[in-house]
Amino acid sequence: MTMLATRTTPPLNHRNPEIADWVDDIARLTTPDEVVWVDGSTAEWDRLTKEMVAQGTLIRLNPEWRPNSFLARSDPADVARVEDRTFICSVDPDDAGPTNNWRDPSIMRLELSELFSHSMRGRTMYVIPFSMGPIGGALSQFGVQITDSPYVVASMALMTRMGDAALEAITPGTPWVPALHSVGAPLVDDDGVRHDDSAWPNNENKYICHFPESREIWSFGSGYGGNALLGKKCFALRIASVMARDEGWMAEHMLIVRVTSPENRVFHLAAAFPSACGKTNLAMLAPTIPGWKVETIGDDIAWMRPGPDGRLRAINPERGFFGVAPGTGLSTNPVATKTIWGNTIFTNVALRDDGDVWWEGLTDTPPAHATDWAGNDWTPASGTRAAHPNGRFTVAADQCPTIADDWNSPDGVVIDAILFGGRRPSTVPLVSQARTWQQGVFMGATMASETTAAATGEVGVLRHDPFAMLPFTGYNMADYFAHWIAMGERLGENAPAIFSVNWFRTDADGRFIWPGFSENARVIEWIVGRLEGDLAARATPIGGLPLAHELNLDGLSLDVDEIRGIIDLDKTAWRREAAEIADYFGTFDETRFPIELRRELERLTRELGPEVTPS
Ligand code: SAT
Ligand code: MN
């Protein structure tokens, strides 16, 4: 096995003793064989990936098809975020609120210290200094992740700005978030006996813990995605949402795109959708309608702050994409398929016999034979999925052919409109525009969506997922709603317009009515038409709806009645929805819940009027 050139002392530790002290403390607690400060170089990536190939964690893909790319197969028990094992450890349980799992911080700290005690025995402990957002940018934040997973190090190299450049920038006094991670599988047991490693070490006892007051993350037992790449959901959403509340900005589960109209007018949209509901597809949209251009800025997270001109500016704090592979193909997301040409880590997808990867939806014709995500022989006749539904690709954003030239700009882009969407087979129309910011916040707060494979648990169950932040808000959701209301007051007339969208309406046979994917450009065209003031909207209790003839359906062979059905207000369904929203609002503490949202609900109920029963 290749030996790592280790750097057991921080290269620049004289600059920030606070980091060095924390690393020493964690090394004493977790007792790894060695400590490696990650530098972020290509040589380091090469060493790490070679070592993981030798160890069996990674399979090198055929470089003819997929240069410098790898496949990882996780433990089948470690394939997604674990929401039931995710905790917000605020001093007061009410600060975590009714939508989070709460644990007492001092008790949790003790419990975690026991779990982490000797948890890295026999392993290497890596120290990853990283920046979320361009290093030194006004909207950026620093973190330092400690992990005993080289897979996490390689993934963080793609997903964040990490290594020496980040460490150098974290000068004494600069705030940084300590993010501790262990797969919880020591290689040496209490009797000093060394065991063989497994390809995907993890622990069935998983804890994803956040301490919002001290702004710390402790994650134990999982090596997968949002559980382990701590810059992503743990920092950039759960901890950052708390920072944002305290400092007057917003940390949101949103993609960011730049849209250019045929008249060369430029707009920036941010859009919140729950996990595995098409954010990456919308972020990389290849419009089917002539003259339109969409450029990618981010596909998962937006940090937004009012700029000096009073307008809301957004950055994508990440440096890469951790996208859902199944369903990503030439017809659904041609841009993503080009992005992952090489330098990509794939997880839990199928391996073709020629050494390339495959998953359901990549091509219309499956390979005649492959090895499935769990390592078993697979053929189209197997009757099982070749790739896990939450199989992923991890790739640097700058490989995306539609990435905006200035996606890296530390000042971000001015957001013109915010979109909210979920998987709703009924009720929510294709698109509607909020009359006011308050109605927009109501749209966000009342979002619901069918669950997906991005988290463990049942798939396809409709649940409330306000702002697509249900699993990601690091504090009381009612306070988060109030923060949205307050941000609108602060932005005043500079506030972006807000829209609700739903690509997922189905017919009686459960088939999607709207073609979605690239055709969503038609909805974007309508939204831009509204921003420019060119298009009218029908005022309804649920917001402004398109006039059927103003939605561009040229070249689509769709049943016009069906389309009318999904762009209209379904009053009966909405009366049910309003009653259900009233119940939902009742689950929040009345003293924290913003009055503006209650008023919006009253208004909706009043405008819908009572059900007229035929006499
Ligand atoms: O949280 S992950 O990064 O694993 C994926 C998601 O849920 O969006
Ligand atoms: Mn996400």
Side-chain angles (χ1 to χ4, degrees), residues 72 74-75 77-86 130 132 145 147 149 151-152 155-156 158-160 179 181 200 202 206 208 210 217 219 221-241 251-256 270-284 296-303 316-328 336 345-349 387-395 397 419-423 447 449-457 459 463 465-474:
S74 82
D75 184 319
D78 192 21
V79 294
R81 281 185 293 104
V82 283
E83 293 182 1
D84 56 337
R85 304 300 305 160
T86 299
F130 65 96
M132 299 310 289
Q145 176 161 356
T147 181
S149 161
Y151 167 88
V152 165
S155 302
M156 288 289 283
L158 296 172
M159 296 302 297
T160 68
H181 171 249
W200 189 274
N202 69 112
K206 296 176 172 49
I208 320 297
H210 309 74
I217 302 158
S219 165
S222 168
Y224 205 86
N227 301 331
L229 313 180
L230 303 186
K232 198 173 179 56
K233 309 298 179 172
C234 298
F235 183 172
L237 291 177
R238 298 194 191 98
I239 294 292
S241 62
E252 302 299 331
H253 194 201
M254 291 179 179
L255 66 95
I256 309 168
F273 296 81
S275 301
C277 289
K279 277 197 300 302
T280 307
N281 293 337
L282 186 56
M284 299 180 186
T296 310
I297 294 172
D299 82 326
D300 195 38
I301 298 175
W303 284 357
N316 165 15
E318 300 192 277
R319 195 183 83 91
F321 308 123
F322 181 66
V324 179
T328 303
I345 299 176
F346 298 89
T347 308
N348 289 347
V349 302
H388 186 278
N390 195 37
R392 298 271 172 164
F393 54 80
T394 312
V395 66
L419 279 53
F420 295 123
R423 285 178 189 264
M447 268 170 74
S449 192
E450 293 182 336
T451 52
T452 69
T456 55
V459 167
R463 70 169 184 182
D465 191 348
F467 296 83
M469 285 287 282
L470 177 69
F472 306 124
T473 302

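No experiment lies behind these values; they were computed from the predicted model shown. Numbering of ligands and ligand atoms starts at 1, following listing order. One-based numbering along the sequence shown.
- The Mn ion (ligand 2) lies closest to atom OD1 when only the N/O/S atoms of Asp300 are considered.
- Below 30°, between 30° and 60°, or above 60°: for Trp200 and Tyr224 the angle between ring planes is between 30° and 60°, a tilted geometry.
- Applying the ring pair (Phe, Tyr, Trp, His ring centres under 6.0 Å) criterion to His253, with sequence neighbours excluded, gives Phe472.
- Between the CG atom in Asp300 and the CD atom in Glu252 there is a gap of 12.0 Å [rounded to 0.5 Å].
- Arg85 and Ser222 share no side-chain donor-acceptor pair at under 3.5 Å.
- In this pair, Phe130 and Phe235 present their aromatic rings perpendicular. The plane angle is above 60°, beyond the 30 to 60° band.
- Among the backbone and side-chain atoms of Ala468, no N/O/S atom is found under 2.8 Å from the Mn ion (ligand 2).
- The side-chain heavy atoms of Phe273 and Leu255, taken from C-beta on, include a pair separated by under 4.5 Å.
- Residues lining ligand 1 at a heavy-atom distance below 4.0 Å are given as Arg81, Gly225, Gly226, Lys232, Lys233, Ser275, Phe322, Arg392, Ala454, ordered by chain and residue number.
- No other N/O/S atom of His253 lies as close to the Mn ion (ligand 2) as NE2 does.
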Given side-chain contact (heavy atoms from CB on, under 4.5 Å), test Tyr151 with Thr347 step by step and report yes or no. CA-CA 10 Å; Tyr151 167 88; Thr347 308; 2.7 Å; yes
